[in-house]
2 protein chains.
Amino acid sequence: MEIAPYRTIGRLTRYWRTLRDLAAEGESHIYSHLLAAKAQVTAAQVRRDLMVLGYTGTPARGYEVKKLREHIETFLFPAPENQQKAALAGVGNFGRALLKFFSGRRPTLKIVASFEADADKFDRVIGGCRCYPIEKAAEVIRGQDITVGILAVPDREAQEVADIFVEAGVRGIMNFARTPLQTPESVYVEEIDLAMSMDRVAFFARQARQSEQDAQNAQNAQDACGAGGGAGERRAP
Amino acid sequence: MEIAPYRTIGRLTRYWRTLRDLAAEGESHIYSHLLAAKAQVTAAQVRRDLMVLGYTGTPARGYEVKKLREHIETFLFPAPENQQKAALAGVGNFGRALLKFFSGRRPTLKIVASFEADADKFDRVIGGCRCYPIEKAAEVIRGQDITVGILAVPDREAQEVADIFVEAGVRGIMNFARTPLQTPESVYVEEIDLAMSMDRVAFFARQARQSEQDAQNAQNAQDACGAGGGAGERRAP
DNA sequence: TTAGCATTGTGAATTGATTCACGTCGATTG
DNA sequence: CAATCGACGTGAATCAATTCACAATGCTAA
């Protein structure tokens, strides 16, 4: 079941984008360390990641941009004729922004339907796709063979909608609600908890500030009185 | 510098939310395995995470909801009087949605300013905070002592804005652009690459579908001809 | 008062991902 | 044509995070 570590899959899409840009700039070859620099990882990481593809570069020229890109595409994306489809639940502020954000942009996955509990929004076309009442979800998902679901509903509704989606055949979910979902083993869930990310950023930012200030204070203390305490840092004489 | 593994910090905010809900329901105590169930992790994980707090429960009653919550607050959040402030760059569809999403909701961190390159938006109040031209960013950030930045600008501008932010004193960044940022060691960056997440969800969804279909086909093949091949699954007689 | 029990806190083991380090290869150069 | 060089692929080592497993704890009930 595990074809490749999940972080590798993520990085491959970044490499793919970089290769697209490189191709646009007319580059024909690239070395692992240059690709690494552009993706902010180490060269060894790149080489390790690319092992899953079965494609190999040459020591002299590195990787062929065109070929490597094709291999990543073959590995990551379905053939265009069976493009995957996604549906979004919850057409609030955030849901609408997601619809606009993803519309057009992703050639590999298309959002083809949205669902809402609020009757005001039914049948309107928002962000390029029709909005159905949530009761029709199972029907639409089965009818259009939708495999990916995006949950932008209020926290308390997330699990319920997820259950409907999974039952109807969805096998991958992006969950923007802050309630971690319970789903069968076979369903992949990407939890995107922005409030959590925010708290974490705030925490580490505060810590960085703190340690800068501490360093500053230590500096001042040292400047003020020549004889430092027992536990302080050592400076060159 | 490393006070706790970064994943632990993230989970602590989830525990905190759960504790808030539990308190609202009038629960006074909770066991690690129940907290774990609500946060979708293992009991051992919860206990390990809580070690960083220095608070300890009792074998008989588990953790006191009120006290544990307070300890997490003390650990994660600054005192109310020096609440942290954040600024958002890029007031497009997505930026606006983020402003609305975070406004009010986060007591621990407040978005107090937004920045834009597009002159049409200057001075308007969007999502509860004033929109400044990006040129004023350094000044506003220093003036208001903003420590956290949220980047919702187009990919190619992200690095440039990040540099301005960091120079002005920002020490934590949420980056919604798909270009990984280069920043000094001391700045914490949370890369939120939605396109990457989307690709990954699509990939694993496809894989799950595939393996279900394979299983289905294997099943049909077995049903059709009684004598299975050498490598097939065994079924109970 | 004591035995029994479920739970905590944590050292040790495990798992999974990343990095190291080196044998190999193919181009280039003198 | 042989020597040199730099980059690739990958087994092994390292590092970080999670899970295991068990001694210690303090309640409950007889």
Side-chain angles (χ1 to χ4, degrees), chain A residues 1-15 18-19 22 27-69 71-72 75 180 185 188 191 196 200 204, chain B residues 1-15 19 22 27-65 67-69 71-72 75 180 185 188 191 196 200 204:
Chain A
M1 165 102 197
E2 273 295 325
I3 285 186
Y6 112 109
R7 283 149 164 283
T8 295
I9 302 297
R11 283 188 299 262
L12 283 174
T13 84
R14 290 229 286 244
Y15 303 151
T18 305
L19 291 166
L22 284 168
E27 299 289 336
S28 71
H29 290 80
I30 181 107
Y31 295 117
S32 62
H33 61 272
L34 296 178
L35 197 47
K38 287 183 188 284
Q40 295 279 311
V41 295
T42 66
Q45 182 78 81
V46 169
R47 295 203 300 275
R48 174 69 64 193
D49 286 337
L50 298 187
M51 281 179 70
V52 304
L53 300 177
Y55 167 74
T56 111
T58 73
R61 304 225 170 286
Y63 305 97
E64 261 188 75
V65 171
K66 189 163 176 302
K67 286 219 172 137
L68 178 52
R69 184 179 164 194
H71 274 264
I72 295 180
F75 182 79
E185 267 289 306
Y188 177 81
E191 300 282 352
M196 183 185 93
R200 192 153 56 187
F204 285 114
Chain B
M1 165 106 196
E2 273 294 326
I3 285 187
Y6 111 109
R7 283 151 166 281
T8 294
I9 302 297
R11 283 187 300 263
L12 284 173
T13 85
R14 291 229 285 244
Y15 303 150
L19 291 166
L22 284 168
E27 299 289 337
S28 72
H29 290 80
I30 181 106
Y31 295 118
S32 63
H33 62 272
L34 296 178
L35 197 48
K38 287 185 189 283
Q40 295 278 311
V41 295
T42 66
Q45 181 79 80
V46 169
R47 296 204 299 275
R48 174 70 64 190
D49 286 337
L50 297 188
M51 280 178 70
V52 303
L53 300 178
Y55 167 76
T56 111
T58 73
R61 303 225 171 285
Y63 305 96
E64 262 188 76
V65 171
K67 285 219 174 138
L68 179 51
R69 184 181 163 192
H71 274 264
I72 295 180
F75 182 79
E185 269 289 307
Y188 177 81
E191 300 281 352
M196 184 185 92
R200 193 153 55 187
F204 285 114

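The sequence lines fix the lettering, A, B, ..., with proteins before strands; numbering per chain opens at 1.
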Round to the nearest Å and state the distance from A:Leu35 atom CG to D:dC8 atom P.
10 Å

What is the distance from OH of B:Tyr31 to P of D:dG26, rounded to the nearest Å?
14 Å

Regarding the side chain of A:Gln45, the nearest nucleotide among D:dT18, C:dT8, C:dT18 is C:dT18

Rounded to the nearest Å, what distance is computed from the NE2 atom of residue A:His29 to the P atom of nucleotide D:dC8?
11 Å

Please give, in whole Å, the distance from D:dT28 C1' to B:Arg61 CZ?
10 Å

Could you check which of D:dT18, C:dT8, D:dG9 has an atom nearest any side-chain atom of B:Pro59?
C:dT8

Just by modelled atom types, is the A:Ala43 backbone N or O under 3.5 Å from a matching donor or acceptor in the A:Tyr31 side chain?
no

Heavy atoms from C-beta onward define the side chain here; which of D:dC8, C:dA12, C:dT19 lies closest to that of B:Arg48?
C:dA12

Which comes earlier along DNA chain C counting from the 5' end, the contact point of B:Ala43 or that of A:Thr58, where each point is its nearest nucleotide?
B:Ala43

Atom pair CG (A:Leu68) and CG (A:Leu19), whose distance is rounded to the nearest 0.5 Å:
5.0 Å

Report yes if a side-chain nitrogen or oxygen of B:Thr56 is closer than 4.0 Å to either non-bridging phosphate oxygen (OP1 or OP2) of C:dT8; otherwise report no.
no

Nearest to the side chain of A:Arg11, which nucleotide is it out of D:dT10, C:dT8, C:dT18?
C:dT18

Could you check whether A:Thr8 gets within reach of a base, just the sugar-phosphate, or nothing at all, counting any heavy atom under 4.0 Å?
nothing

Which residue lies more 5' along DNA chain C, comparing B:Gly62 with A:Val41 via nearest heavy atoms:
B:Gly62

Quick check: does any side chain N or O of B:Arg200 sit under 3.5 Å from a backbone N or O of A:Tyr6, one acting as donor and the other as acceptor?
yes

CZ of A:Arg47 versus P of C:dC25: gap in Å, rounded?
16 Å

Would you kindly give the NE2-to-C1' distance between A:His71 and D:dC8, to the nearest whole Å?
16 Å

Taking atom C1' of D:dA7 as reference, at what distance in whole Å does atom OH of A:Tyr63 sit?
9 Å

A:Tyr15 versus A:Leu35, closest heavy-atom pair with distance
CD2-CG, 4.4 Å

Counting only N and O atoms by type, is there a donor-acceptor contact under 3.5 Å from the side chain of A:Arg14 to the main-chain atoms of B:Met196?
no

Rounded distance in Å - CG (B:Leu68) to C1' (C:dG9):
14 Å

For A:Ala60 and for A:Ala44, locate the closest nucleotide of DNA chain D by heavy-atom distance; then report the residue assigned to the nucleotide nearer the 5' terminus.
A:Ala60

